[in-house]
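Below is one structure, written out as structure tokens; comments come after it.
Worth saying up front: this structure is predicted, and the values here are computed from it rather than measured.
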Amino acid sequence: MRKVLGLVCFIIGLCVVFGACSSTETYADKLKNERKNIARFINENNITVRSDYPASGVFAENEFFRDPLTGVYMNVVDSGNGNRASTVKRSEVNVRFSGAMTVPVNELDTSTNNLPRLQPMIFNYGIVSTYTSVNQNLPDYFFLSTGITAPLQYVGEGARVRLIVPFASGSTYQLAAFRAMYYAQVHYTRIINN
């Protein structure tokens, strides 16, 4: 009787373990799903992706460069002026966003964070801790990220760019939700080099 009861418990335990494992999405699964979602978004919006930054710095309207280091897709609308941010100088950068939304996970996904122009947010270029916030009541939690700093190596003050930011380079919200974000416009309004 003991052997039968032990065998039944063992089988139930195996069912629980395998059932739990099959319903859990791994980090690799989340990355794979994100790649599919970004690919679908790119396809639906007729975006062309290039692997090199244009030498002239001029982009076609729906042409995005994919930064190999961050995975961020960027389209430079206006490269701004010659006042560039510096990681060495820990430049203070003021930035505004408009048309920010999470990349839809399927055709029926209508949830967005599409807010009209937000008040300027400030970070120090080169000080990663200033790129995000853990306070869910601040817009920084949703919008500031390492990903929004990626274009600063190519553009200056006054620049306007469009971005697709994968969650691995994203805001605290993106990292928690495993969601890519699309920014219709990121405007680097002011750069102060100390």
Asn83 and Asn193: side chain donor to acceptor below 3.5 Å
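A pair is found: one side chain offers a donor N or O, the other an acceptor, under 3.5 Å apart.
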Distance in Å, [X] [atom1] paired with [Y] [atom2], rounded so as to fall on 0.5 Å steps:
{"X": "Thr189", "Y": "Met121", "atom1": "OG1", "atom2": "CE", "answer": "11.0 Å"}
{"X": "Ser171", "Y": "Asp140", "atom1": "OG", "atom2": "CG", "answer": "10.0 Å"}
{"X": "Tyr141", "Y": "Gln174", "atom1": "OH", "atom2": "CD", "answer": "10.5 Å"}
{"X": "Leu144", "Y": "Thr130", "atom1": "CG", "atom2": "OG1", "answer": "8.0 Å"}
{"X": "Arg162", "Y": "Phe64", "atom1": "CZ", "atom2": "CZ", "answer": "4.0 Å"}
{"X": "Tyr131", "Y": "Thr172", "atom1": "OH", "atom2": "OG1", "answer": "13.5 Å"}

Q. Minimum heavy-atom separation for Gly170 to Ser145, with atom names?
A.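 So the two residues come closest at C-CB, 3.2 Å.
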Is the shortest side-chain heavy-atom distance between Phe167 and Met181 below 4.5 Å? no
Quiz item: Got a sec, which residues hit side-chain hydrogen bond (donor to acceptor under 3.5 Å, both in side chains) with Gln153, two or more places apart in sequence or on another chain?
Solution: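 Partners of Gln153 under the side-chain hydrogen bond (donor to acceptor under 3.5 Å, both in side chains) test: none.
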- Task: For Asn37 and Arg40, run side-chain hydrogen bond (donor to acceptor under 3.5 Å, both in side chains): C-alpha distance rounded to whole Å, both residues' side-chain angles, the deciding distance at 0.1 Å, then the answer.
- Result: CA-CA 5 Å; Asn37 295 334; Arg40 183 177 46 252; 2.9 Å; yes
- Task: Output, in order, the C-alpha distance, side-chain angles, deciding distance and verdict of side-chain contact (heavy atoms from CB on, under 4.5 Å) for Ile191 and Arg84.
- Result: CA-CA 7 Å; Ile191 295 175; Arg84 301 288 173 117; 5.9 Å; no
Mind checking side chain to side chain contact (heavy atoms under 4.5 Å, CB included) for Val49 and listing every partner two or more places apart, or none if nothing turns up?
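Expected list: Ile42, Ile47, Arg66, Tyr73.
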